[in-house]
Amino acid sequence: MYRNKKIFFYALSEYFTPLDRMLTKIHRNLFLKYKNTSMFLSLAIYVIIQLIWGKSLKISSNYFVLIPLFASTLSYGLVGGILAGPLGLPLNLLVFHLAGHPEYAPENLLIAELSGITVGFVLGYMSDFFSKMNREIQKRRITEEKLRKTLADKEILLEEVHHRVRNNLNIIKSLVALQSSRVSDPSFREESEKLRQRIFSISLVHDQLFHHNNSVFLNLQEYLSSLIDNLLSLSVHQGISLTTHWPDEDMPLESDKAIYIGLICQEVIVNALKYAFEDIEFPELTFSLDIHDDRIHISIADNGCGFDPEDSSEGLGKKLIRSLSGQLDGTCSFENRKGTVFTLDCPFR
């Protein structure tokens with residue numbers, strides 16, 4: 001209950017000043033909660049003022065009928081204003097008559113009566129409007145709380161899904177490695193290793209999501225850096241010089257897109273490690289990640305022997321790269337520039 005009150009007044013703080021919040025408390029805790037008591041007290045205050053200061057105020061004492069009029073509109077809204085507005089002048093005349101000073105009555109009774117009706121109607125309407133606005137804020141607060149709870153439940157469920165996917169992928173990797181170790185065929189072992197590396201690219205996403213307690217986004221730079229380090233550690237070529245260029249700020253990206261980008265980069269780097277450095281004394285690999293105009297730009301270059309992209313055969317790896325690039329609504333290309341340069345351009349959002 002206390003927490004709900006804190007949330008309610010926090011919501012009010014976005015729209016109202018401290019004075020507004022104070023008046024809201026008074027309106028709810030006094031006039032709405034104790035309507036009849038508020039009316040009785042306002043009438044009592046009005047009568048006391050007339051009895052004590054009526055002789056000195058004289059005709060000006062007419063204005064104090066606004067006290068019970070205010071209380072009526074704040075307590076009963078428009079209905080109270082419609083009823084109390086026309087009764088303001090008769091109440092003044094009655095009090096002046098009982099006090100023996102009928103001369104305190106306003107000079108123009110019609111204008112005084114119309115003023116009372118107008119003030120009662122306007123204040124009553126504003127009081128109802130203020131009450132409706134507060135009820136709407138409370139409804140929105142309750143709805144927001146329900147949405148927060150639903151979102152929290154879904155995040156927990158999504159984290160559990162990622163956790164199970166992560167575990168299942170690790171099991172699949174182990175099964176692939178186990179099966180590969182039991183077969184002596186080099187082609188089968190090679191294809192099994194490619195499959196294991198692709199599974200690793202996907203499982204790495206779920207590992208990072210799990211460790212960072214984030215079920216939707218992950219840091220693309222951190223993910224790709226871990227992926228590259230793992231691929232280089234498994235390479236048969238030792239002493240590969242790696243140069244990386246990263247953006248200055250973090251790049252949180254949806255996990256689905258990160259998986260596609262990771263698979264693309266994995267295919268390109270594995271291909272370079274396998275074919276590019278056969279006769280290269282000082283192998284070099286350059287990886288660049290940048291974001292510009294809300295688009296991701298990735299460049300992977302090696303100083304290997306290179307190849308002709310037009311004449312090269314379209315293997316599974318290149319088909320996978322082009323297919324995943326299309327699913328990202330991006331474009332990719334291979335160029336032969338003192339080695340092979342691969343570029344990927346796709347939307348960030």
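Bear in mind the structure is a predicted one, so any value in this text is a computation, not a measurement. Quick note: residue numbers are just sequence positions, from 1.
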Look at the side-chain heavy atoms of Ile, Leu, Val, Met, Phe, Trp and Tyr, link any pair under 4.5 Å apart, and say whether L30 and L43 land in one connected group.
no
Shared hydrophobic cluster for V47 and I52 (ILVMFWY, side-chain gaps under 4.5 Å):
yes
Kindly indicate whether the side chain of H27, heavy atoms from C-beta on, has any atom under 4.5 Å from the side chain of S131.
yes
Under the ring-ring contact (aromatic ring centres under 6.0 Å, His included) test, residues paired with F342 that sit two or more places apart
F334
Just distance, no hydrogens or angles: give the donor-acceptor pairs under 3.5 Å from side chains in residues 72-84, sequence neighbours left out.
{"residue": "S72", "atom": "OG", "partner": "G80", "partner atom": "O", "Å": "2.9"}
{"residue": "T73", "atom": "OG1", "partner": "L69", "partner atom": "O", "Å": "3.3"}
{"residue": "T73", "atom": "OG1", "partner": "F70", "partner atom": "O", "Å": "2.8"}
{"residue": "S75", "atom": "OG", "partner": "F31", "partner atom": "O", "Å": "3.3"}
{"residue": "S75", "atom": "OG", "partner": "A71", "partner atom": "O", "Å": "2.8"}
{"residue": "Y76", "atom": "OH", "partner": "N36", "partner atom": "OD1", "Å": "2.5"}

Between L232 and W246, is there shared hydrophobic-cluster membership here, with clusters defined by ILVMFWY side-chain heavy atoms closer than 4.5 Å?
yes
Just grab all the salt bridge (charged side-chain N to carboxylate O under 4.0 Å, His left out) pairs involving residues 123-139, residues at least two apart or on different chains.
E136-R140
More than 12 heavy atoms from other groups under 6.0 Å of OH on Y125:
no
Is there a donor-acceptor contact under 3.5 Å from the side chain of N303 to the main chain of F282?
yes
Could you pull out all residues at least two apart from H101 that satisfy ring-ring contact (aromatic ring centres under 6.0 Å, His included)?
Y104
Value for OG (S225) from CG (N230), rounded to nearest 0.5 Å, stands at 11.0 Å
I'd like to check S192 versus Q179 (side-chain heavy atoms, cut-off strictly below 4.5 Å). Are they in contact?
no
Using links of under 4.5 Å between side-chain heavy atoms of ILVMFWY residues, direct or through other members, which residues join I111 in one cluster?
none
Please table the atom pairs, donor to acceptor, closer than 3.5 Å between any side-chain atom in residues 284-298 and protein atoms at least two apart or in another chain.
{"residue": "R295", "atom": "NE", "partner": "D345", "partner atom": "OD1", "Å": "2.7"}
{"residue": "R295", "atom": "NH2", "partner": "D345", "partner atom": "OD1", "Å": "2.6"}
{"residue": "H297", "atom": "ND1", "partner": "D345", "partner atom": "OD2", "Å": "2.6"}

How close do L218 and S255 get, counting heavy atoms only, and between which atoms?
CD2-CA, 4.0 Å
Nearest atoms (heavy-atom pairs only) where E103 meets G100
OE1-O, 4.3 Å
Could you work out the complete set of other residues in the hydrophobic cluster of L114, with links drawn between I, L, V, M, F, W and Y side chains under 4.5 Å apart?
L110
Side chain S323, main chain K319, donor-acceptor under 3.5 Å
no
Spell out, yes or no, whether L242 and L220 are grouped together once hydrophobic residues are joined by side-chain heavy atoms under 4.5 Å, including indirect joins.
yes
Apply the test side chain to side chain contact (heavy atoms under 4.5 Å, CB included) to residues M39 and K35: give CA-CA distance (whole Å), side-chain angles for both, the deciding distance (0.1 Å), then the verdict.
CA-CA 6 Å; M39 283 299 305; K35 295 181 179 181; 5.9 Å; no
Is the shortest heavy-atom distance from the side chain of C332 to the side chain of I321 under 4.5 Å?
yes
Please list, one pair per line, the donor and acceptor atoms closer than 3.5 Å that link side chains of residues 257-267 to other protein atoms, with sequence neighbours excluded.
{"residue": "K257", "atom": "NZ", "partner": "P347", "partner atom": "O", "Å": "3.3"}
{"residue": "K257", "atom": "NZ", "partner": "R349", "partner atom": "O", "Å": "2.7"}
{"residue": "Y260", "atom": "OH", "partner": "Q327", "partner atom": "OE1", "Å": "3.1"}
{"residue": "Q266", "atom": "NE2", "partner": "Q197", "partner atom": "OE1", "Å": "3.4"}
{"residue": "E267", "atom": "OE1", "partner": "R198", "partner atom": "NH2", "Å": "3.2"}
{"residue": "E267", "atom": "OE2", "partner": "R198", "partner atom": "NE", "Å": "2.3"}
{"residue": "E267", "atom": "OE2", "partner": "R198", "partner atom": "NH2", "Å": "3.2"}

If we only count heavy atoms from C-beta on, is the I49 to I67 side-chain gap below 4.5 Å?
yes
Side-chain contact test, heavy atoms from C-beta onward, threshold under 4.5 Å: evaluate it for I45 versus F64 and give yes or no.
no
Which other residues belong to the hydrophobic cluster containing L175, where Ile, Leu, Val, Met, Phe, Trp and Tyr are joined when side-chain heavy atoms lie under 4.5 Å apart, directly or via other members?
I171
Of all heavy-atom pairs between I59 and A105, which one has the smallest distance, and what is that distance?
CD1-O, 3.8 Å
Under the side-chain hydrogen bond (donor to acceptor under 3.5 Å, both in side chains) test, residues paired with W53 that sit two or more places apart
none
Could you tabulate the donor-acceptor pairs under 3.5 Å formed by side-chain atoms of residues 88-96, not counting sequence neighbours?
{"residue": "N92", "atom": "OD1", "partner": "Y46", "partner atom": "OH", "Å": "2.4"}
{"residue": "N92", "atom": "ND2", "partner": "N62", "partner atom": "O", "Å": "3.0"}
{"residue": "N92", "atom": "ND2", "partner": "N62", "partner atom": "OD1", "Å": "3.3"}

side-chain hydrogen bond (donor to acceptor under 3.5 Å, both in side chains) filter on S333, not counting sequence neighbours, yields T343
Kindly work out whether a path of hydrophobic side-chain contacts (I/L/V/M/F/W/Y, heavy atoms less than 4.5 Å apart) joins I199 to V268.
yes
